[in-house]
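This report concerns only the one structure given below.
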Amino acid sequence: MFEPLRIGMASDTLFGSPVRNLTFGVLYMIVVMTLGVVSYMLDGWSFGDALYMVIITVYTVGYGETMPIDTAVLRGITIAVIVLGCTGMIFLTGALVQFITLNQINQILGLKRMTTQIDRLRDHVIICGFGRIGAMLARELRIARTRFVIVEQGEAEVARARDQGYLCLHADATNEATLEAAGIRHARTLATVLSSDAANVFITLSARSLNPKLDIIARGELPSTESKLIQAGANRVVLPAHIGAERIAEMILYPEAARFIRETDCMKDFEKVLVALGLDLDVVVVEPNSPVAGKTIEMVEQAANGAFFIVQLNRHDGDSILGPEPSTVIEDGDGLVLVGRGPQERALSGLFETPGLATPAT
């Protein structure tokens with residue numbers, strides 16, 4: 001999405017590559033100074049005297065000669081060091097200035113270009129934090145060709161994000177001015193995935209006040225933070241540790257279903273297609289005394305009102321039923337493989353966690 005702007009004018013003509021020029025200048029000076037030192041030593045000078053004479057000559061300091069230059073050979077060596085060494089130092093100094101100047105211009109114009117690109121974004125996603133979760137999220141959004149901008153405070157993370165071609169603001173996401181610069185008033189979604197719960201709560205509060213219609217997804221480390229994030233204005237809260245525990249439970253309780261959903265390449269690709277269509281694929285365990293226990297597949301799907309449908313039923317005794325009949329009765333301890341439309345949390349909380357399940361009218 002974002003590629004650093006390169007100054008290409010005369011890069012291969014008048015000035016050449018700054019890095020190549022700088023490398024050539026350094027190597028040239030090493031060769032000239034080495035030959036000068038060796039030449040003086042071959043005429044009977046010590047290494048220290050020869051090195052000192054070469055250095056004060058190429059740097060044009062002019063402190064004075066360490067040894068008398070009283071022979072034609074020494075005068076020839078000194079003239080060669082003056083001409084070749086001083087010319088090389090002029091070239092090396094110019095290459096160094098060119099390298100520093102062009103890098104600064106690249107940085108200034110690159111940042112300006114990035115700011116312009118962010119200002120033009122509409123209906124985009126803002127990712128606060130480029131840690132492990134933020135990096136994975138950015139990769140998935142790029143695959144889905146969704147426009148997004150990253151807000152990160154760490155220099156190393158910012159450099160990594162920009163190297164990967166992402167639009168990235170080097171700023172503190174808890175600052176409202178930063179969120180404004182990220183285009184929060186025109187954004188569709190904000191995902192705050194920092195490792196600090198306090199920072200995520202503060203960002204959620206700020207984002208909700210700046211854009212009441214914004215869809216906010218917040219990360220929480222502690223279960224107790226979930227309610228705080230919801231109160232602060234988050235639409236959805238993700239608890240990585242909780243999700244990880246659920247996945248482990250799936251593999252323990254229903255290894256075949258978990259392998260069917262998570263591990264095969266075909267199902268991984270199918271799950272990506274579902275996500276692109278706004279659908280989710282998941283496994284839900286029917287807890288003892290659950291409202292859906294004793295109900296049929298048809299009754300549960302009708303009560304869900306299209307929020308999801310059941311594609312597989314895993315009995316607690318180990319049997320699996322793919323595409324169960326609508327009249328199949330759900331029992332305690334069964335596992336349900338669901339394809340859900342939109343956020344499943346709303347449907348699941350109403351059907352699997354509430355005290356009762358209303359039987360749909362016939």
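Note that the structure is a prediction, hence the values are computed from the model and not measured.
- A side-chain donor-acceptor contact under 3.5 Å links His124 to the backbone of Ala182.
- For the pair Gln164 (side chain) and Tyr166 (backbone), a donor-acceptor distance under 3.5 Å is absent.
- Taking every heavy atom of both residues into account, His170 and Val158 meet most closely at CD2-CG2, 3.6 Å.
- Between atom CD of residue Glu176 and atom CD1 of residue Ile203 there is a gap of 11.5 Å, rounded to the nearest 0.5 Å.
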### Task
Would you check, one step at a time, whether the test side chain to side chain contact (heavy atoms under 4.5 Å, CB included) holds for Glu325 with Ile297?
CA-CA 7 Å; Glu325 295 292 331; Ile297 298 290; over 6 Å; no

### Message
Using the rule given for side chain to side chain contact (heavy atoms under 4.5 Å, CB included), can you reason through Met33 versus Ile55, listing the C-alpha separation, both sets of side-chain angles and the distance that settles it, and then say yes or no?
### Response
CA-CA 8 Å; Met33 294 177 68; Ile55 290 177; 3.8 Å; yes

### Task
Give the intermediate values and the outcome of side chain to side chain contact (heavy atoms under 4.5 Å, CB included) for residues Met136 and Arg132.
CA-CA 6 Å; Met136 294 173 62; Arg132 179 176 54 87; 4.3 Å; yes

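- There is a path of hydrophobic side-chain contacts, each under 4.5 Å, that joins Ile30 to Ile56.
- Taking both residues in full, the closest heavy atoms of Cys86 and Val58 are given as SG-O, 4.2 Å, listed atom of the first, atom of the second, then distance.
- Checked by atom type and distance alone, the side chain of Arg219 never pairs as donor or acceptor with a backbone atom of Ser196 at under 3.5 Å.
- Panel note: side chain Asn211, backbone Ile184; a donor-acceptor pair is recorded below 3.5 Å.
- With values rounded to the nearest 0.5 angstrom, Ile330 atom CD1 is found 5.0 Å from Leu336 atom CG.
- In this structure, Glu152 and Phe130 approach most closely via the heavy-atom pair OE1-N, 2.7 Å.
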### Task
Would you sort out whether Asp215 and Arg188 count as a side chain to side chain contact (heavy atoms under 4.5 Å, CB included), showing the intermediate values?
CA-CA 6 Å; Asp215 184 26; Arg188 168 168 56 95; 5.6 Å; no

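- Arg142 places no side-chain N or O within 3.5 Å of a backbone atom of Gly165 that could act as its donor or acceptor partner.
- A donor-acceptor contact shorter than 3.5 Å is absent between the side chain of Thr87 and the backbone of Leu84.
- Going from atom CD of Glu157 over to atom CZ of Arg160 covers 6.0 Å, rounded to the nearest 0.5 Å.
- Scored by the salt bridge (charged side-chain N to carboxylate O under 4.0 Å, His left out) test, Asp332 finds no partners at all (sequence neighbours excluded).
- Counting heavy atoms from C-beta outward, Arg315 and Ile321 have side chains that approach closer than 4.5 Å.
- Of the inter-residue distances, the one linking Ile126 atom CD1 with Thr192 atom OG1 reads 11.0 Å to the nearest 0.5 angstrom.
- Minimum heavy-atom separation, Thr189 to Leu214: N-CD1, 3.7 Å.
- Taking OG1 of Thr204 as the start and CD of Gln231 as the end, the distance is 12.0 Å to the nearest 0.5 Å.
- The two residues Leu137 and Ala191 have their closest heavy-atom pair at CD2-CB, 3.8 Å.
- With hydrogens and angles disregarded, a donor-acceptor distance shorter than 3.5 Å links the side chain of Asn235 to the backbone of Ile216.
- Note that CZ of Arg185 is 10.0 Å distant from CG of Leu179, once rounded to the nearest 0.5 Å.
- Within the 3.5 Å criterion, the main-chain N or O of Glu331 finds a donor-acceptor partner in the side chain of Asp334.
- Judged purely by atom type and a 3.5 angstrom limit, Asn200 uses its side chain to pair as donor or acceptor with the backbone of Leu194.
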Donor-acceptor contacts, no H, no angles, side chain residues 68-80, under 3.5 Å, sequence neighbours left out:
from, atom 1, to, atom 2, distance (Å)
Thr71, OG1, Leu74, N, 3.2
Thr78, OG1, Tyr40, OH, 2.7
Thr78, OG1, Leu74, O, 2.8

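- Shown here is Arg145, whose CZ atom has no more than 12 heavy atoms of other residues, nucleotides or ligands within 6.0 Å.
- For the pair Leu141 and Ile127, the tightest heavy-atom approach, listed with the atom from each and the gap, is CD1-CD1, 3.7 Å.
- The backbone N or O of Ser39 sits nowhere less than 3.5 Å from a side-chain atom of Asp43 that would complete a donor-acceptor pair.
- More than 12 non-hydrogen atoms from other residues, nucleotides or ligands lie less than 6.0 angstrom from OH of Tyr28.
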